[in-house]
Amino acid sequence: MESLLKFVPQSYVDDGKMIATTQANTTEEKEAFEFSRYYDYLLKVIGKTLLIPIFTDILEGKDLQAEDIMQFLNEWDLLDVRNELIINQGVKNYFGGDYISALHILVPQLEATIRNMFAKAGYATTVIRPGVVQFEQTFNEFINREDVKQVLGDDLQQYINFVLVNQLGLNLSNSIAHGLISPEHLNRYNTILVIHIYLCLTRFEVNKDLENDKK
């Protein structure tokens, strides 16, 4: 049955718009389509069986508040002070049950946090365009750069890419930035994923991780 299904065209529809199909032109595109469906399923299983219980039973069950999360993040040397106050508000909104505003704050700040993390280690986050004008590289391009992948590692890079910018994934960053996200996606589960990525980033240190990988 599985082998027969490979010959049946399948489409990926988001908010009524078809954004991908197995009738793609190349084998690589078809494989990306299938991988994204599998990754989405796997992430939901892990998220709902591990992450949500950790946040609800362990963290919130012990009366941890936004201040506790922020205290942990503030001890991370690579968190830029410019992002700190804004992230704090987003985390507070999560604990207050306001996932709509929490994600609208935390997702753009997560992009900025990742860029600043690499910038502090001397990595370029900008590109020069015609006319010798310097622009921030789009996050889609930045997170898929080979040097960025090398530092983050395959698992974390794929996680960030899927949650933030992969069109076949959650694509939270692009959907929020362009006002296209549906209300049902502004939920507790997606907010937990974003906060979890912040926490994952705290294992990086400039001297031990980023600068050594740059050499």
- Message: I'd like to check Tyr99 versus Asn190 (side-chain heavy atoms, cut-off strictly below 4.5 Å). Are they in contact?
- Response: no
- Kindly say whether Leu199 contributes a backbone atom to a donor-acceptor pair with the side chain of Thr202 at under 3.5 angstrom? yes
- Query: Do Tyr189 side-chain atoms and Ile52 backbone N/O form a donor-acceptor pair below 3.5 Å?
  - Reply: no
- Query: Residues in salt bridge (Lys or Arg N to Asp or Glu O under 4.0 Å) with Lys149, at least two apart?
  - Reply: Glu146
- Message: Clusters formed by hydrophobic residues whose side-chain heavy atoms approach within less than 4.5 Å: which one holds Ile86, and what are its other members?
- Response: Ile105
- Message: Once salt bridge (Lys or Arg N to Asp or Glu O under 4.0 Å) is applied, what residue pairs with a partner in residues 99-116 remain, sequence neighbours excluded?
- Response: Arg115-Glu136
- With sequence neighbours left out, which residue pairs that include part of residues 90-109 fulfil the salt bridge (Lys or Arg N to Asp or Glu O under 4.0 Å) condition? none
- Connected-component partners of Leu85 among ILVMFWY, side-chain separation under 4.5 Å: none
- Message: Taking Asp147's backbone N and O only, do any of them form a donor-acceptor pair with Tyr123's side chain (distance below 3.5 Å, no angle check)?
- Response: no
- Message: Test question: given the 4.5 Å side-chain rule for I, L, V, M, F, W and Y, name all other residues clustered with Ile46, or answer none.
- Response: Tyr38, Leu42, Leu50
- Note on the structure: residues 145-169 vs ring-ring contact (aromatic ring centres under 6.0 Å, His included), sequence neighbours excluded, gives Tyr39-Phe162, Tyr159-His196
- Task: State which residues pass side-chain hydrogen bond (donor to acceptor under 3.5 Å, both in side chains) with Glu31; sequence neighbours excluded, sorted by chain then number.
- Result: none
- Residues in side-chain hydrogen bond (donor to acceptor under 3.5 Å, both in side chains) with Lys44, at least two apart? Asp40
- Using side-chain hydrogen bond (donor to acceptor under 3.5 Å, both in side chains) as the criterion, list what pairs up with Asn140, not counting sequence neighbours. none
- Message: Do Asn171 and Asn166 make a side-chain contact, defined as non-hydrogen atoms from C-beta onward lying under 4.5 Å apart?
- Response: no
- Message: Any heavy-atom pair between the side chains of Phe118 and Leu152 that's under 4.5 Å?
- Response: yes
Please table the atom pairs, donor to acceptor, closer than 3.5 Å between any side-chain atom in residues 68-79 and protein atoms at least two apart or in another chain.
unit_1 : atom_1 : unit_2 : atom_2 : d
Asp68  : OD2    : Gln65  : N      : 2.7
Asn74  : ND2    : Met70  : O      : 3.1
Trp76  : NE1    : Phe204 : O      : 2.9

- Check: Glu141 main-chain N/O paired with Thr138 side-chain donor or acceptor under 3.5 Å: yes
- Asn83 meets the side-chain hydrogen bond (donor to acceptor under 3.5 Å, both in side chains) criterion, sequence neighbours left out, with Gln109, Asn116
